[in-house]
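Contents: one structure, followed by commentary.
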Amino acid sequence: MAQDTDGTERGLRLRQAGRVIVLDPEDRVLLFRYDDGPPNGRHWCTPGGGLNEGEDYQAGARRELFEETGWDDVPLGPEVHERTLVMEYDDAIVRQHERFFAGRVETAGRPLGEVAAMHVSDGIAAWHWWTLAELDATDEAIWPPGFAGLIRRLLAG
């Protein structure tokens, strides 16, 4: 299959997704764990997901953050990162284009709202507030690759 200039494969269904990099006052970042089979595999990633019809990336990121955390009070800043990857979604291989927005919560290690049932239905197996040291030391797959460097650039910026 032919590849686009970004290295992803043409001909695959495009799925657009908005994601949120949520930081707490101690500069820890919230990640969710998915225990998927191949090709995605077990991985940690930010809150977020696919856009609804007519939704822009930031609105989709905000809605997904609410659905996955129960929080509707997290202001989102401008877009801070984007990427395209090939992954499995809904039993099909898709080309997913993601745009990331930064958000801050005021409570260190803020607990999630009443979202346990949603996590089960969405395949979220765990959640954790990660420090930069933990991100640097882990052997776990973190999406997107180079995530600790992205966090460092956000904090410096």
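Predicted model only: the values in this text are computed from it and were never measured.
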Practice task
Step by step, work out the side-chain contact (heavy atoms from CB on, under 4.5 Å) result for V105 and V22.
Solution key: CA-CA 7 Å; V105 295; V22 182; 3.8 Å; yes
Practice task
Of all the heavy-atom pairs spanning L30 and W127, show the shortest one and how long it is.
Solution key: CD1-CE3, 3.6 Å
Exercise for the section: Could you pull out all residues at least two apart from R33 that satisfy salt bridge (charged side-chain N to carboxylate O under 4.0 Å, His left out)? Expected result: D35
Practice task
Could you tell me whether the side chain of D56 and the main chain of A59 form a donor-acceptor pair under 3.5 Å?
Solution key: yes
Problem - T46 vs V20 side-chain heavy atoms within contact, under 4.5 Å - result: no
Handout entry: Validation row: P144, E98 side chains within 4.5 angstrom (heavy atoms)
Key = no
Practice task
Might you point out which heavy atoms bring E55 and G50 nearest each other, and give the distance in Å?
Solution key: OE1-O, 4.4 Å
Completion exercise
Note: N52 and R63 closest approach over all heavy atoms is ND2-NE, 3.1 Å
Practice task
Examine the side chains of Y57 and E79 and answer whether a donor and an acceptor come within less than 3.5 Å of each other.
Solution key: no
Problem - Modelled atom types, side-chain donor and acceptor of H128 and E134, under 3.5 Å - result: yes
Problem - Any Y34 side-chain heavy atom under 4.5 Å of C45 side chain - result: yes
Completion exercise
Rounding to 0.5 Å, atoms CG (L51) and CD (Q58) come to a distance of 11.5 Å
Handout entry: Test log, rule side-chain contact (heavy atoms from CB on, under 4.5 Å), inputs V86 and L12
Key = CA-CA 9 Å; V86 174; L12 296 177; 3.8 Å; yes
Completion exercise
Apart from L154 itself, its cluster of hydrophobic side chains linked below 4.5 Å comprises I21, L23, V29, L31, W44, V80, F100, W130, L132, L135, I142, F147, L150, I151, L155
Completion exercise
For residues 100-124, the side chain to side chain donor-acceptor pair (under 3.5 Å) pairs (sequence neighbours left out) are D27-R104, D73-R110
Completion exercise
For P39, the side-chain contact (heavy atoms from CB on, under 4.5 Å) test, sequence neighbours excluded, returns E88, I93
Problem - Within residues 137-154 or reaching into it, pairs that qualify as salt bridge (Lys or Arg N to Asp or Glu O under 4.0 Å) - sequence neighbours excluded - result: R42-E140, D136-R152
Practice task
Would you indicate whether the side-chain heavy atoms of R13 and Y89 approach each other to under 4.5 Å?
Solution key: yes
Handout entry: Distance-minimising heavy-atom pair for V115 and E67
Key = CG1-O, 3.5 Å
Practice task
For T131 and R28, test the side chains for any donor-to-acceptor distance below 3.5 angstrom and give the result as yes or no.
Solution key: no
Exercise for the section: Measure the CZ-OG1 distance between R95 and T84 for me, rounded to the nearest 0.5 Å. Expected result: 6.5 Å
Problem - 4.5 Å side-chain heavy-atom contact, H97 and R15 - result: no
Problem - Under-4.0 Å salt bridge between E64 and R19 - result: no
Exercise for the section: May I ask you to decide if G48's main-chain N or O and E68's side chain share a donor-acceptor pair within less than 3.5 Å? Expected result: yes
Problem - Heavy-atom closest contact (M87 atom, N40 atom, distance) - result: CB-OD1, 3.5 Å
Fill in the blank from the handout: Nearest heavy-atom approach of G113 to W71 is N-NE1, 4.2 Å
Completion exercise
Contacts of F66 meeting ring pair (Phe, Tyr, Trp, His ring centres under 6.0 Å) (sequence neighbours excluded), chain-then-number -> none
